[in-house]
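Structure first, then comments.
Convention: sequence-line order gives letters A, B, ...; per-chain numbering from 1. Please read all numbers here as calculations on a predicted model, not as lab measurements.
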Protein chains: 2
Amino acid sequence: MARLTRKETQEQTRARLVETAKDLFLASGYNATSLGQVAEAAGYSKGAVYSNFATKHELGLAVLEAVQRERIAAVVTLLVGADTFEDKLAAFGRWAETNIGDVGWTALEVEFATSTRHIEEVRAALADRRRRVTTALAELLHEQAETFGITLPAPAEDVATHLLALGIGLGVQRAFDPELQVTVLLDALAELAANNKAPQAG
Amino acid sequence: MARLTRKETQEQTRARLVETAKDLFLASGYNATSLGQVAEAAGYSKGAVYSNFATKHELGLAVLEAVQRERIAAVVTLLVGADTFEDKLAAFGRWAETNIGDVGWTALEVEFATSTRHIEEVRAALADRRRRVTTALAELLHEQAETFGITLPAPAEDVATHLLALGIGLGVQRAFDPELQVTVLLDALAELAANNKAPQAG
DNA sequence: GTCTATAAATCGATAGAC
DNA sequence: GTCTATCGATTTATAGAC
């Protein structure tokens, strides 16, 4: 282990700040968490935070990025681990059951997005990311549909938009009403699988 | 016009506060709007606000109630005004096109819900309202389906949950990305109409 | 680049006069 | 019930030492 360079220590503090900010944001929400709390919990001072992030929403944006990286990684791992379409569906179901809404990921993302929607810089970044995520999901759907000979009921981009909106809508509501079940999302996916029946018939 | 009783003037003040709070919340968001701004814009003092609402989130809850009343009234008017199913669908399409996300209703509701999700009192109220809205929508769907001989693809309650989540998800995303189209929601509705084909066949 | 210290402003909420 | 005045806590953000 060589001594860290200046650049490396800086990136380390940045990473630590993002990590603890993520925990606090998830636990108490974006608005209810102050930068002072983040600094203290991470073992730094408030000034340290501001030398790494110009504003609070810049830190928030970094946290969202980290969260989304984790989310994507988790789903990809899950999909890769399952072979058949039914297995993938079941695996995704288990993931959705425990992760959508309850953990607070969706709630945090949506709280941040709606609370900072008037800051043009943030708004643009979120819009950009939304499009990238939608496109990525569309490609994944297209790919999986081809692999399993499924005919999508609509353009992959539309199906992706539909599923994403559904997940967000369910997650948001589940954040304040745990009674809400996410079976609806699974049903939507199952419907996609139903088109499996007549693959290369015509 | 008789002189207003004490109770009436109080309700008038309350109504005025809610109205201007609604405007400010819609324009700038819940978190970004202070009670002082609301009081000043309404022509009252901060103390006047606090003699009508114990906390900020109590005012927020009242605003949400007013907003939702308007929303429901608008949709009902729209549905009553159209006779055939296709007309209703088209009318709802026009409403969705200009109202979902863009106006900020959904964004405000979701911002408030996610920002106050840790205040148990608010959380419970929102959860309660969510269930009432879902049930009402389910009843409306059931009613309309019967009228037009449509077989719903799933229990009305599930379809209602699905559509509601879809609307919320689309509205939220549209709040920071106007490029997003809501055609997906209309497609989902059109799919319901597609089940029109075999009504009393079996 | 991180620290301490603090500015500067604002917030939600309260007290007491009327 | 509404006012003025203000509390007290907290916020984001900055200045300057190291």
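Within the structure, the side chain to side chain donor-acceptor pair (under 3.5 Å) test picks out the following pairs touching residues 105-117 of chain B (sequence neighbours left out): A:N31-B:S115, A:E111-B:R117, A:R117-B:E111, B:N31-B:E111, B:N31-B:S115, B:R71-B:E109. For the side chain to side chain donor-acceptor pair (under 3.5 Å) condition, no pair includes a residue of residues 183-193 of chain A, sequence neighbours left out.
Within residues 19-45 of chain A, the residues approaching DNA chain C are A:G43, A:Y44, A:S45, by heavy-atom distance under 4.0 Å. A heavy-atom distance below 4.0 Å to DNA chain D is reached by none of the residues of residues 108-124 of chain B. Of the residues in residues 57-64 of chain A, none has a non-hydrogen atom less than 4.0 angstrom from any atom of DNA chain C.
With sequence neighbours left out, the salt bridge (charged side-chain N to carboxylate O under 4.0 Å, His left out) criterion links B:D128 to B:R132. A search for side chain to side chain donor-acceptor pair (under 3.5 Å) contacts involving A:Y50 returns nothing, not counting sequence neighbours. With sequence neighbours excluded, the residues that form a ring-ring contact (aromatic ring centres under 6.0 Å, His included) with B:H162 are A:H162. Residues passing the side chain to side chain donor-acceptor pair (under 3.5 Å) test with A:T55, sequence neighbours excluded: A:H57. When the side chain to side chain contact (heavy atoms under 4.5 Å, CB included) test is applied to A:T13, the partners found at least two apart in sequence or on another chain are A:Y44.
In summary, B:K22 and B:E19 engage in a salt bridge, as defined by a charged side-chain N under 4.0 Å from a carboxylate O. Looking at A:R14 and A:E11, no side-chain N of the basic residue comes within less than 4.0 Å of a carboxylate O on the acidic one, giving no salt bridge.
When the nucleotides D:dA13, C:dT2, C:dA13 are ranked by their closest atom to the side chain of B:K56, C:dA13 comes out on top. For B:S51, taking side-chain heavy atoms from C-beta onward, the closest of the listed nucleotides C:dT2, D:dA13, D:dG1 is D:dG1. Taking the side chain of B:K46 as heavy atoms from C-beta on, and the options D:dA13, C:dT2, D:dT6, the nearest nucleotide is D:dT6.
B:T9 has no side-chain polar atom (N or O) that falls below the 4.0 Å cut-off from OP1 or OP2 of D:dG1. Within the 4.0 Å cut-off from OP1 or OP2 of C:dG12, not a single side-chain nitrogen or oxygen of B:T55 is found.
The two residues A:E157 and A:T134 have their closest heavy-atom pair at OE2-CG2, 3.9 Å.
The distance between atom OH of B:Y50 and atom C1' of D:dT6, rounded to the nearest whole Å, is 14 Å. Computed from coordinates, the A:R16 CZ to C:dT2 P distance equals 10 Å when rounded to whole Å. Rounding to whole angstrom units, CD of residue B:E8 and C1' of D:dG1 are separated by 15 Å.
Checking each of B:T135, B:L79, B:V76 against B:L140 for a side-chain contact (heavy atoms from CB on, under 4.5 Å) leaves exactly one that passes, namely B:L79.
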Please report, to 0.1 Å, the donor-acceptor pairs under 3.5 Å made by any side chain of residues 171-181 of chain B, with sequence neighbours excluded.
unit_1: B:Q173; atom_1: NE2; unit_2: B:G169; atom_2: O; d: 3.2
unit_1: B:R174; atom_1: NE; unit_2: B:L180; atom_2: O; d: 3.2
unit_1: B:R174; atom_1: NH1; unit_2: B:E97; atom_2: O; d: 2.9
unit_1: B:R174; atom_1: NH1; unit_2: B:I100; atom_2: O; d: 2.9
unit_1: B:R174; atom_1: NH2; unit_2: B:E97; atom_2: O; d: 3.3
unit_1: B:R174; atom_1: NH2; unit_2: B:E97; atom_2: OE2; d: 3.3
unit_1: B:D177; atom_1: OD1; unit_2: A:R131; atom_2: NH2; d: 2.7
unit_1: B:D177; atom_1: OD1; unit_2: B:E179; atom_2: N; d: 3.1
unit_1: B:D177; atom_1: OD2; unit_2: A:R130; atom_2: NE; d: 2.8
unit_1: B:D177; atom_1: OD2; unit_2: A:R130; atom_2: NH2; d: 2.9
unit_1: B:D177; atom_1: OD2; unit_2: A:R131; atom_2: NE; d: 3.0
unit_1: B:D177; atom_1: OD2; unit_2: A:R131; atom_2: NH2; d: 3.4
unit_1: B:Q181; atom_1: NE2; unit_2: B:E179; atom_2: O; d: 3.3

Write out a two-atom table: protein N or O, nucleotide N or O from nucleotides 15-17 of chain D, distance below 3.5 Å.
none

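Rounding to the nearest 0.5 angstrom, the gap separating the CZ atom in A:F112 from the CG atom in A:L126 is 6.0 Å.
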